[in-house]
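Protein chains get the first letters and strands the later ones, always in sequence-line order, with residue 1 at the start of each. All values below were derived from every heavy atom in this structure, side-chain atoms included, with hydrogens, water molecules and symmetry-related copies excluded.
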2 protein chains.
Amino acid sequence: MHAQVVPLSVPALREACSQCNLRELCLPVGLSENELDQLDQLVHLRKKIHRGQHLYRGGDAFEAIYAIKTGFFKTDVLLEDGREQVTGFQMAGEILGMDGIGSEKHTCNAVALEDSEVCVIPFTELEEYSREISALQHHFHKVMSREIVRDHGVMMLLGIMRAEERLAAFLLNLSQRFTARGYSPTEFNLRMTRNEIGSYLGLKLETVSRAFSRFQEEGLITVHQKHIQIRDAAGLKKLLSDRRV
Amino acid sequence: MHAQVVPLSVPALREACSQCNLRELCLPVGLSENELDQLDQLVHLRKKIHRGQHLYRGGDAFEAIYAIKTGFFKTDVLLEDGREQVTGFQMAGEILGMDGIGSEKHTCNAVALEDSEVCVIPFTELEEYSREISALQHHFHKVMSREIVRDHGVMMLLGIMRAEERLAAFLLNLSQRFTARGYSPTEFNLRMTRNEIGSYLGLKLETVSRAFSRFQEEGLITVHQKHIQIRDAAGLKKLLSDRRV
DNA sequence: GATCCACGTTGACACAGATCAAAGCCCCCA
DNA sequence: TGGGGGCTTTGATCTGTGTCAACGTGGATC
């Protein structure tokens, strides 16, 4: 029952939400045909972001949220002294920019880790449509809520897990999200550096690298640079539950 | 311009939002007189939670969000092995329960740390009213967004700060929130134990205790059990910016 | 006002992960 | 085809925080 990434049979120049192959993952979830047509009017602008470019920066005026059409992003917060906390990695179908609603300014940076394309969803208009389409309203609330729950998960990673647990949880999470997009659960390419993984997991890049090597020695995964193959998902999961008392 | 906690001049048995002394901090922010009257109809149930009791638990069906009228809460997530991650401490005027929207179940526990009272806001009705009252809709979005931004702040605490930085940030945050409620910025009682602070900050209780003692030695604060007096807020702030390169 | 008990403090020591350092690898580009 | 730079790996050592243990303290209860 998960969404498959299938090529559109008709070349859709105006690739609206109603035609989008991500509609089961993204904002259109649960909308009727009719409502989808309305959503098409809301999402009329698409934007290409090249690898390394910012979609927005902390301090930028907040005007829209963004649905990732293709590509891969990271969000991070920088401290004055240059230290970086990566707050998340986002892939196709996920929504970026909700951090800006509260203060009318973005509070973090969103950087493309590969050439990407996003759908621009002007926020004032989203609120207008939400008042008309209760399914859209409710789904948007769910998306925000899930972001809060995801953040709690990251707090658990950072607060109570040990280095190898964190990395195992990270790999399993990526695997699960790739699966939901119709990609292999066991084989994928990391889009981020060891340093970025470390920043996300509250570890130094050397620790991340060592944990990868350790997992490989133990036959849990195979790593070649950014290419990861999960050989023993159950073993990784066991790392998470088998924490010492 | 911050809200003062002033006693109501008229004893209001039916303490509606329109009369609430927290209306400048809570959900009613930015509503007109008229809209406030409507909100009064939405928020018709109040609930007392005694110290130590749960407002909700992870797994409970999600039906409502809660505005804290009086008191103090913690939210936490428990791992199978019994380890606890405190995800936040909430005080009067703050909203609890938004974690449950996404999955229709609560994903964390909310426990009263002192005798407390909350206003019950049935979520389906909140969405209905939001479709009518755009100021309410927008404000609710802001509240959720700020929760996300707050979570990012906790990630920074946990991901890149050292023990004393974390505790300094924690104290300054509490101080600022007490100030916004008309209490002293420099003197307050902690509602939570060292263990709970530690769980929130990703530290062990001994480390929290030692950091408190260290701050006291350095003249930054005075601690007697749960009573805290901030003697040098600037010094605490300096701890945050003066991180080593 | 004696007893109890949960919570807090402090010390000694251990260890996971950070830091420092040196190579190695891979991809990009001339 | 070769050089360079960014990223990764690995080793040696250091250190902040955890762990373990003992003791202190204050508020509740009878």
- Taking only N and O in the side chain of B/K226, is any of them less than 4.0 Å away from OP1 or OP2 of C/dG8? yes
- Length of the NZ-C1' vector between B/K204 and C/dG11, whole Å: 19 Å
- Taken to the nearest whole Å, CD/B/E196 to P/C/dC7 is 8 Å
- Starting from C1' on D/dG26, measure out to CG on B/N189 and report it in whole angstrom. 14 Å
- Query: So, is B/T207 near the phosphate of D/dT17, with a side-chain N or O under 4.0 Å from OP1 or OP2?
  - Reply: no
- Message: Heavy atoms only, 4.0 Å cut-off, all strands: where does B/G198 land among base, sugar-phosphate and nothing?
- Response: nothing
- Message: If the cut-off is 4.0 Å, is B/S209 near the phosphate of C/dT9, judged by side-chain N/O to OP1 or OP2?
- Response: yes
- Message: Parallel, tilted or perpendicular: which one describes the rings of A/F178 and A/Y183, with boundaries at 30° and 60°?
- Response: perpendicular
- B/S213, nearest nucleotide to its side chain (from D/dT9, C/dA18, C/dT10): C/dT10
- Between CD1 of A/I228 and P of D/dC7 the distance, given in whole Å, is 17 Å
- Task: Determine the contact category for B/E206: base if any of its heavy atoms lies under 4.0 Å from a base atom, sugar-phosphate if only primed atoms, P, OP1 or OP2 are that close, otherwise nothing.
- Result: base
- Message: Please classify the nucleic acid contact of A/L203 as base, sugar-phosphate, or nothing, using heavy-atom distances under 4.0 Å.
- Response: sugar-phosphate
- Message: Would you call the rings of B/F62 and B/H106 parallel, tilted or perpendicular, taking 30° and 60° as the class edges?
- Response: perpendicular
- Item | Whole angstrom value for the distance that separates C1' of C/dT9 from CZ of B/R214 | 16 Å
- With both pairing distances under 3.5 angstrom for Watson-Crick or G-U wobble, and | for a partner in another strand, the correct string for DNA chain C is ||||||||||||||||||||||||||||||
- Query: Between atom CZ in A/R194 and atom C1' in D/dT9, what is the gap in whole Å?
  - Reply: 9 Å
- Between A/R210 and A/E206, is a salt bridge (charged side-chain N to carboxylate O under 4.0 Å, His left out) present by the stated rule, with each step listed? CA-CA 6 Å; A/R210 279 186 243 270; A/E206 294 95 330; 5.9 Å; no
- Item | N-O pairing of B/E84 and B/K74 below 4.0 Å | yes
- Record whether the side chain of B/R210 comes under 3.5 Å of the base of D/dG16 through a donor-acceptor pair of N or O atoms. no
- Should A/R146 and A/E94 count as an ion pair when the cut-off is N to O under 4.0 Å? no
- Just checking B/T193: base, sugar-phosphate only, or nothing, at a heavy-atom cut-off of under 4.0 Å? sugar-phosphate
- Message: Using whole Å, what does the distance between atom P of nucleotide C/dC27 and atom CZ of A/R51 come to?
- Response: 12 Å
- Message: Ignoring hydrogens, what is the shortest heavy-atom contact between B/E147 and A/I148? Give both atom names and the distance.
- Response: CG-CD1, 3.6 Å
- Item | A/L205 CG - C/dC25 P separation (whole Å) | 18 Å
- Donor-acceptor under 3.5 Å (A/R166 side chain, A/L157 main chain): yes
